[in-house]
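Only one structure is covered here, and it is reproduced in the block below.
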Protein chains: 2
Amino acid sequence: MRIRTEITSDYITEEDHRVAKVANALAHPLRVALVRYLAEKNGGRGTDNITCNKDLVEMFDYSQSTMSQHVKILKECGLFVTETKDKFTFYYLDKDLLKLFKNSLNL
Amino acid sequence: MRIRTEITSDYITEEDHRVAKVANALAHPLRVALVRYLAEKNGGRGTDNITCNKDLVEMFDYSQSTMSQHVKILKECGLFVTETKDKFTFYYLDKDLLKLFKNSLNL
DNA sequence: TTTATATATTGTATATTTGCGATATACATT
DNA sequence: AATGTATATCGCAAATATACAATATATAAA
């Protein structure tokens with residue numbers, strides 16, 4: 001997502017930018033699948049959530065570095081939140097942000 | 001949005017691809033603003049909808065070719081539908097598709 | 001302390017996106 | 001027919017995205 005650094009039109013609001021940022025994070029099928037997968041797993045924190053480990057890599061058939069990179073994009077927009085325990089980093093879906101995003105599209 | 005041509009993981013569904021495609025169209029603030037603007041204007045077809053004319057160009061402060069290109073992306077994913085009358089091409093928002101997109105995110 | 005595992009980062013090649021001027025096309029008006 | 005207006009497309013340069021191997025880092029297990 002590349003945005004002009006100059007004056008962006010007055011008709012483009014801050015909210016438009018926020019919406020675009022989340023949309024951008026969902027603009028790749030792997031990331032959509034990750035969000036969906038996490039939403040299913042993610043009844044409550046600390047239970048059975050995903051990590052970026054070998055299993056996940058094999059499951060999605062992307063390299064570990066690629067997976068990590070996609071997760072990073074989801075983290076940067078706020079959809080994914082992480083919590084590290086021992087060796088593992090667990091990812092949680094911020095359902096409230098997702099809800100906010102959907103509500104922004106109630107046009 | 002660049003996707004591997006090879007086997008995409010079984011965990012990435014066709015729906016994930018569809019969601020990503022719409023999300024991709026919304027992954028730029030100008031396009032979000034266009035959708036929002038059209039949704040406001042767009043009570044019913046044939047009334048007061050936008051065209052890609054000079055006014056719109058001035059309003060959003062992007063060049064005509066750039067505007068046209070962004071509109072094209074919105075058309076390609078199906079969010080915008082066009083209807084040409086005389087010199088003018090009017091754009092309509094496919095609210096059903098937008099609704100479908102939002103429902104796909106009810107995780 | 002060596003070794004293995006989990007995750008993140010860096011470097012790199014390639015593809016795609018973005019923005020715009022220039023040009024093309026199509027219809028309207030003069 | 002010539003001119004003007006609305007849109008679309010092309011070609012270019014710069015920015016960004018994608019995928020992955022290699023490497024770094026941190027912790028666990030042996």
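Here is how names work: the chains are called A, B, and so on, in the same order as the sequence lines, proteins then strands, and each is numbered from 1.
A donor-acceptor contact closer than 3.5 angstrom links the side chains of A/T66 and A/S63. Side chains of B/N106 and A/K102: a donor-acceptor N/O pair is present below 3.5 angstrom, by distance only.
Computed from coordinates, the A/N24 CG to C/dT16 P distance equals 16 Å when rounded to whole Å. Between the CG atom of B/L56 and the P atom of D/dA8 there is a distance of 11 Å, given to the nearest Å. Between the NE2 atom of A/H70 and the C1' atom of D/dA19 there is a distance of 7 Å, rounded to whole Å. For the pair B/Y62 OH and C/dG19 C1', the computed distance is 9 Å after rounding to whole Å. Taking atom CG on B/L30 and atom P on C/dG19, their separation rounds to 7 Å, with Å as the unit. Between B/I73 atom CD1 and D/dA8 atom C1' there is a gap of 14 Å when expressed in whole angstrom units. Summarising the geometry, the separation between NZ on A/K21 and P on D/dA17 is reported as 11 Å, rounded to the nearest angstrom. Following rounding to the nearest Å, A/I12 (CD1) and C/dT18 (P) show an atom-to-atom distance of 12 Å.
In terms of the side-chain hydrogen bond (donor to acceptor under 3.5 Å, both in side chains) criterion, residue partners of B/E15 (sequence neighbours excluded) are, by chain and number, B/S104.
Closest-nucleotide positions on DNA chain D for A/D86 and A/R31 were compared, and the one nearer the 5' end corresponds to A/R31.
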With sugar-phosphate taken as primed atoms, P, OP1 and OP2 and all else as base, the protein-contact string of nucleotides 6-11 of chain C at under 4.0 Å (heavy atoms; B, S, -) is SBBB--
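Aromatic ring orientation, A/H70 versus A/H28: tilted (interplanar angle from 30° to 60°). Ring planes of A/F60 and A/Y37: perpendicular class, angle over 60° (limits at 30 and 60°).
Of the charged side-chain nitrogens involved, none lies within less than 4.0 Å of a carboxylate oxygen, so that B/R18 and B/E14 do not count as a salt-bridged pair.
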